[in-house]
Structure formats: structure tokens, C-alpha cells
**Q** 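Quick one: structure below, then a few questions.
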Amino acid sequence: TFEEYSSAMRSLALKLMHLVIQSLGIDYDDFESRQFRLKDSKSAMHMNYYPPCPEPLKTIGLPMHTDSPCLTILHDGGIGGLQIYRNGTWIGVPPVRNAFIFLIGDMLQVI
């Protein structure tokens, strides 16, 4: 169900945030007590479906943007289409079947 999937994704996000905080050399328990409580934080889930298009240059996607949350977890369904902007160039991210893509968002860069 949607609720089960949402719960599983939230659990995954909390585990990833724990690892990210530790990798920054920050004590996780201290971070939780002083900064903000990740367990109490809100999350949002967006589900979009972009079927393969025979003429991809004629499709309408999202405009260039950054993700504001700490962490974004994407599943592209093996279709692809995600691009990153690096050094003035758009680079396609190759799809990896049965895998998630983790993006560091604006809020995490502040930490």
C-alpha cells in the first residue's frame, strides 16, 4: 500500500541521514538534541510517471532547480531522464534498474 511504501521510504531516509550526519563528524545524538529531531520531521512524497517518449526533445520536464529538503530519494524505474547540471553542462544520469538515487538538498548543505 501507499502507507507501507511511505513508511519504508521514511525509515530509509532516517537511516541515510544518520549515516550522513556521522560522516560529517557530527555526533548524531547531539545533533538530534540540539538542532532538530529527525524522527519528528515531516516528509513529502511525490509520485510522477513519465513514460518513455519516442521524441525526448519534445517533452516537457521540470525546469532547472535545486531540491530544498535535506535529502531526496528518487526511483527512476529504469527509464532515465534525470540530468545534473555540472560546470555549465547538462549531464544525463544513466538509469540503474532497481536502484534509488540519493540527492543532497539545500538544507543539508547548510549543516
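When reading the values below, keep in mind they use all heavy atoms of this one structure, side chains included, and skip hydrogens, waters and symmetry mates.
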**Q** Minimum heavy-atom separation for Cys70 and Met107, please, with both atom names.
**A** SG-CB, 3.7 Å
**Q** Going from CZ on Arg10 to CG on Leu12, what distance comes out if it is rounded to the nearest 0.5 angstrom?
**A** 12.0 Å
**Q** Can you check whether Glu3's main-chain N or O pairs, donor with acceptor, with Ser6's side chain at less than 3.5 Å?
**A** no
**Q** How many angstroms lie between atom OG1 of Thr89 and atom CD of Gln83, to the nearest 0.5 angstrom?
**A**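 Answer for the OG1-CD pair, Thr89 versus Gln83, is 11.0 Å.
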**Q** Regarding Asp106 and Ser68, is there a side-chain donor-to-acceptor distance under 3.5 Å anywhere?
**A**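 Note: Asp106 and Ser68 side chains miss the donor-acceptor criterion.
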**Q** Report the distance from atom CZ of Phe100 to atom CE of Met9, rounding to the nearest 0.5 Å.
**A**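 One finds 4.0 Å between CZ of Phe100 and CE of Met9.
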**Q** So if you build clusters from Ile, Leu, Val, Met, Phe, Trp, Tyr with side-chain heavy-atom gaps below 4.5 Å, do Tyr5 and Ile73 land together?
**A**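 Yes, Tyr5 connects to Ile73 through the hydrophobic network.
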**Q** So, the side chain of Glu4 versus the backbone of Thr1: is there a donor-acceptor pair under 3.5 Å, distance only?
**A** yes
**Q** Kindly compute the distance separating OG1 (Thr66) from OH (Tyr85), expressed to the nearest 0.5 Å.
**A**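 Interatomic distance, Thr66 OG1 to Tyr85 OH, rounded to 0.5 Å: 14.0 Å.
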**Q** Using the rule given for side chain to side chain contact (heavy atoms under 4.5 Å, CB included), can you reason through Met17 versus Leu14, listing the C-alpha separation, both sets of side-chain angles and the distance that settles it, and then say yes or no?
**A** CA-CA 5 Å; Met17 282 301 297; Leu14 288 172; 5.6 Å; no
**Q** With Asp76 as reference, evaluate Ile101, Val96, Leu82, Val93 under the side chain to side chain contact (heavy atoms under 4.5 Å, CB included) test and give the passing residue.
**A**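 It is Ile101; the other options fail the test.
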**Q** Heavy atoms only: give me the nearest Asn98-His75 pair and the separation to one decimal.
**A**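 Looking at all heavy atoms of both residues, the closest pair is CA-NE2, 4.3 Å.
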**Q** What verdict does the side chain to side chain contact (heavy atoms under 4.5 Å, CB included) test give for Ile84 and Trp90, after you've listed the backbone C-alpha separation in whole Å, the side-chain angles of each residue and the deciding distance to 0.1 Å?
**A** CA-CA 6 Å; Ile84 59 171; Trp90 285 102; 5.8 Å; no
**Q** Quick check for you: to the nearest 0.5 Å, what is the distance between Ile104 atom CD1 and Leu71 atom CG?
**A**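 Between atom CD1 of Ile104 and atom CG of Leu71 there are 6.0 Å.
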**Q** Got a second to check how far Thr72's OG1 is from Leu103's CG, nearest 0.5 Å?
**A** 5.5 Å
